[in-house]
Every structure is written in C-alpha cells, then in structure tokens.
Amino acid sequence: MELAILMLTVGSAVVEIKCGSIYRLEEAYTIFLNGEERGTTQKVVTSLFNLSPDRDYLLQLAGEDGSIRGEISFHTKTETAVLNVRDFGASGEGEQDDTVFIQAAIMACPPEGRVVIPPGKYRVTSLFLKSNSNLELEEGAVLIYDGRPGRLPILPGLLSGKEENSFALGSWEGEAADMYAALFTGCGAENVNLYGKGEILGGASMEDWWSEENRQSSPHRPRMLFLTHCKHIRVQGLHFSMCPSWCIHPCFCSDLGIYDVEIINPEDSPNTDGINPESCEDVEIAGCHFSLGDDCIAIKSGKGRRAQENPVPGSHIQIRQCFMENGHGGVTIGSEISSGVHHVTVRDCCFRNTDRGLRIKTRRGRGKSCVVDAILFENIYMEQVDTPFVLNCFYFCELDGRSDYVQTKEALPADERTPNMGELVFRHIYCTDCHIAAAFFYGLPEKKIKSVIMEDVRIRYAKDARPGLPAMMCGVEKMCRKGLFFRNVERLCLKGIDIRGQESEAIDAADVDVIIREVQE
C-alpha cells in the first residue's frame, strides 16, 4: 500500500491511500498518528483534522488484522496566530447576523494565521477571503447563508466602461454578468486554505432561488464559493448543501486543490452543479462526493466575444477518486468552452444514477479557440447511468440553440465560429444497468471529431431499460438499449469492447473516415 499527502495546513492533512480501490476501501483501516489511535477510515482520500502546527507526524494505517499496511511521515505548517470568531463578537446562536464579526477576524488575521469558527450556528451573508490565511470550520460549525433580498452584495459583471479593458467580477454561464456575492468569495486571493468538518447551508428552495422567476434574474443567483483570479487555493473536508446555483465556481484560477468535499442538493434543484472550474489551470479534485440536480463537475472556459478574442483555456485538470450520483452528468466538458479545454484526466471514479456519465457538449458559434483535446477517462465504474458516453456538437440550450445554423446536420463552411474536437481516450470503463445508449457521439460534418479511442469498455443494460433522448440536440429520436453510436469522426479505434443486451447492432457508425474495430459481441 502506498500513501501520498495531497494537502497540508497548520491543523489538517489529506492522505490518499493507493491500493487499487475506487473511492471506498474494501476494508476499514485504523489510523495511528505518532502511535496514537485516531479513529478509522474506509475512504481512499481521507482527511486528518485536529493536528498541531509545526509538528512532525508519522501516519500509520493498520488493517483489520492489526498489521501495519502503510505509513508516511509529514510536517504540518507553521502558524503566526489563532483568531477565534467568538472573540470578535460572533454569537454562533443562529439568530444574529454574524457576517461582520467573522469578516473582521478574517481581515485582522496576520499572514499564515488561522481563523477558527468553533461549533455553533452562524447566520451570514457574504464573506471575502484574504490572502495568506487559513480558515477552519470546526466540526459542529454551521454557516447558514442568509440570502434575503437586499442583504447580499452584488459583484458587477464589468468594472469599467470600456469592455475590452475591463475586469469582470460577476459571471453567468460563461459571460460577464452581475451576480450576487457567494457565501465565500475570493478576488485575487493567494495562498488560502479553507477547510474543516463544518457545514455550509445555502438555504435555497423552490420558493426562492430555485423558483422559475428567479432562475435567470439579474443579478444572477449566487454560488457558495466563488473564486476569481486566485492562486494556490485549497479546500478540504467541508459539507455543502442547498446551494442557490453552482456550488464551487473558480474562474481564471491556477493551482487549485479540492479534497474530500461533499456537495448535496435535491435531484430536481436547477443549475446546482457541484464544482465548475472555468478557465482554470492546474486543478486537482479528489475524494469528493456529489449528489445534486445538475452536472457534478463541469469544466468550462467562457463563451462569447470576450472568450473568443482573449481565450483562457481550462487545462491540466485532474479528477480522481470521486463518487458522483443523481446529476445530469458525472463529469462534463462544456458547453461554455469558447476558450477551449485540454489535458483533462478523469480516473478512478464511480458514477451512479446520473443521466450521462462522461459528457462533452458544444455547438457552432463557440469559435475556433474552442478546441477540446488530450482528454482521458480511465478506470471508471458506472451504475444506472442512462447514457455513459456523450459528445454533442449540437447542444441547443441557448436563445439561438435551435436555429438552423446551430442544428443543421449538413456541412457548413468551417470558419472562425467553428469548434474543434481533438483526441479523446476512454479505457477500462465498466457500465451496468444502462438505459438509453452505450455511447452517443455526434460531431460536426465540416469539422469532424479527430480521434476517439475506446479500449476495454464493458456495457450491460438494465432489464427494465427506459427509452429517452441521449443528447440535448434537435432531430434525435428516443433510444433504448442502443449500442455505440458515432457520427462524423475522423478516426475511431475500438478495442476490447464488450456490449451485451443491446436491441440493435453493437456499433452504429456513419461518416467515420477510419474504423479500427475489435468488438466482442
């Protein structure tokens, strides 16, 4: 067994247990720190809390038979001061507005200091993060987002009159727009750790943020954690629920790590995506659990003229050891990807009861910088996923999304508006109880998907499979127990494909230039 430290703070650590398991370990392990028993774990990515700053630790994991299976040494960070928000006037009784008292502690925190939110209920509006600080929500600490009208700051979409020279704060679905400030907002912050076993309650419901009249209102719905132009940010261990919209939304950020976080929203809550990194680079998401009403993770890079003329792609993003359930997509790329997305790896994850598993969506008009390339999905298990693989170049969810320009299946001239799908690799993926189709890939006839490689993919269908639409595009009929469907691909490589229970042929491919096929039927 190999152990790796993913994150260290003054009082916590994240360890990854590398033993071949996905998300959950096959047995419970007892945790020993410097010879002292510290509980048990059955998670591959495990958080350690209540550590002392500036101290050496030896972490050992013992199996059920008592033998030591793995160990690793680490040293916690040093700290300059500890600031308890109760000392600044926060009551923690859930009645008074504790925002200004917690914000005072954050602003007063010296570099490398720690702000502690002890057990209690804290009603807050919007808090802003400060560089070079640690913010810890102890177990039993609950932040309750008070989003009543007139109480939330507004993040302007644009801060100057000249759009080409402006700095965008607020955003909505890939474009600059006024937006209510999140519970936690970071603007240009660096070296921040936000962690703990505490809870963050968004307080949204169908009577307010999720109601029809508020879904597209301006200012737009807030996030729970919004980061813009931030660097070296780490988030660990927190539990988020009842989010008004996207839960964690970093924009134009680099060196971002999110570990052992849980995001829970109702299955029918609109736009309650889990983590949406937009135009970010060097992102690591590991050990997180999602159960919500939209995409669990959605990688984006903006849309419209600003994104096309000054592209900032999403790149070098790693997602692993996560458990996604009940969302529209497990991991989605798009649809707002006008700046492109490249070098994304998703491995060692479990998807259950999501509409799609691995989902890429784009459309004409995203622009020539919309290049999706070097994408790898590997070692993934899916259960009760309607359509495990979807690539849709005709995504219709916009005002002009159903126009002839976007939806025609005839080849149009490739120009500066045309997106480009590069190489996509899917291997060691095992799916049970599928419903609609094993895969649905529909590229543009004028700019075909460059390369799709599928190796060691196993598909099984549900006995009571229900029909449905595999992708959000016009002109597609309902399917049920469909095999692998491909349209407009330059090179398709299928090796070790095992599909059983489909109602038609295993492979339905048209307008594919080259097919390398090795299929078990």
Side-chain angles (χ1 to χ4, degrees), residues 155-179 216 218 220 228-229 246 249-254 273 276-281 283 295 298-317 332-344 359-375 391-408 411-424 442-450 472-473 488:
L155 299 181
L158 300 175
L159 294 184
S160 70
K162 295 184 177 180
E163 184 177 349
E164 63 273 18
N165 297 320
S166 61
F167 179 83
L169 278 180
S171 74
W172 184 258
E173 295 186 347
E175 294 186 290
D178 291 353
M179 177 180 74
Q216 301 296 332
S218 183
H220 291 285
T228 179
H229 296 84
W246 300 352
H249 181 202
C251 287
F252 307 108
C253 296
S254 62
D273 298 34
N276 289 7
E278 182 175 354
S279 294
C280 294
E281 63 175 348
V283 178
D295 295 325
I299 301 168
K300 301 176 181 290
S301 64
K303 69 179 182 183
R305 185 168 66 86
R306 289 168 56 87
Q308 294 177 14
E309 294 180 355
N310 298 287
V312 181
S315 66
H316 299 93
I317 298 171
T332 294
I333 298 175
S335 73
E336 305 93 80
I337 46 174
S338 288
S339 295
V341 171
H342 62 86
H343 291 93
V344 174
R359 183 187 190 193
I360 301 173
K361 50 185 181 178
T362 186
R363 42 155 287 181
R364 293 186 181 100
R366 287 292 186 249
K368 63 181 181 180
S369 294
C370 176
V371 178
V372 177
D373 195 21
I375 311 298
L391 192 160
N392 175 15
C393 289
F394 298 88
Y395 187 65
F396 61 34
C397 287
E398 289 189 2
L399 293 177
D400 64 342
R402 299 174 186 268
S403 66
D404 290 341
Y405 170 71
V406 172
Q407 292 298 324
T408 182
L412 299 178
D415 55 25
E416 68 279 357
R417 300 173 295 174
T418 309
N420 189 348
M421 298 293 105
E423 182 174 275
L424 314 168
Y442 213 126
L444 294 174
E446 66 268 24
K447 182 73 73 169
K448 294 182 178 181
I449 304 166
K450 182 178 180 181
M472 301 174 75
M473 60 183 291
N488 301 320

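If you read the sequence from its start, that first residue is 1, and numbering goes on from there.
- Looking at Gln308 and Ser369, their side chains never come closer than 4.5 Å, going by heavy atoms from C-beta outward.
- Using a 4.5 Å cut-off on side-chain heavy atoms (C-beta onward), Met421 and Lys450 make no contact.
- Judged purely by atom type and a 3.5 angstrom limit, Gln407 uses its side chain to pair as donor or acceptor with the backbone of Gly401.
- Put simply, the side chain of Glu336 never gets that close to the backbone of Gly304: no donor and acceptor are under 3.5 Å apart.
- Taken to the nearest 0.5 Å, the CD1 atom of Ile375 stands 4.0 Å off from the CD1 atom of Ile333.
- Interatomic distance, NE2 of His249 versus OG1 of Thr228, reported as 8.5 Å (0.5 Å rounding).
- Counting heavy atoms from C-beta on, the side chains of Arg417 and Leu412 never come closer than 4.5 Å.
- Summarising the geometry, atom NE2 belonging to His316 is positioned 5.0 Å from atom NE2 belonging to His343; distances are rounded to the nearest 0.5 Å.
- Rounded to the nearest 0.5 angstrom, Met473 CE and Cys397 SG are separated by 12.5 Å.
- Across all non-hydrogen atoms, the minimal contact from Cys280 to Pro250 is SG-O, 3.3 Å.
- Closest of all the heavy-atom pairs between Asn488 and Leu444 is CB-O, 3.7 Å.
- A salt bridge does not link Lys300 to Asp273: none of the charged nitrogens lies less than 4.0 Å from a carboxylate oxygen.
- The closest side-chain heavy-atom distance from Thr362 to Val372 is not below 4.5 Å.
- In this structure the side chain of Tyr405 never reaches within 4.5 angstrom of the side chain of Asp400, judged on heavy atoms.
- With a 6.0 Å cutoff to the six-membered ring centre and a 45° limit on the axis angle, Arg363 does not count as a cation-pi contact of Tyr395.
- For the atom pair CE (Met472) and CZ (Phe396), the distance works out to 4.5 Å, reported to the nearest 0.5 Å.
- Of the options Glu398, Arg359, Glu173, Arg366, a side chain to side chain donor-acceptor pair (under 3.5 Å) to Ser335 is made by Arg366 and by none of the others.
- The distance from the NE2 atom of His342 to the CD1 atom of Ile317 is 9.0 Å, given to the nearest 0.5 Å.
- Two residues are said to be in side-chain contact when any heavy atoms from C-beta on lie closer than 4.5 Å; Ile360 and Val341 fail this criterion.
- Closest approach of Ala307 and Ser301 over heavy atoms only: CB-O, 4.0 Å.
- The minimum heavy-atom distance linking Ser339 with Val312 is given by the pair OG-N, 3.1 Å.
- Atom NZ of Lys447 has 12 or fewer neighbouring heavy atoms from other residues, nucleotides or ligands inside a 6.0 Å radius.
- Taking all atoms of both residues into account, the shortest heavy-atom contact from Arg364 to Pro419 is CA-CD, 4.0 Å.
- Nearest heavy atom pair, residue Glu278 against residue Ser171, reads OE1-OG, 4.4 Å.
- Classified by interplanar angle (parallel below 30°, tilted 30° to 60°, perpendicular above 60°), the ring pair Trp172/His220 is parallel.
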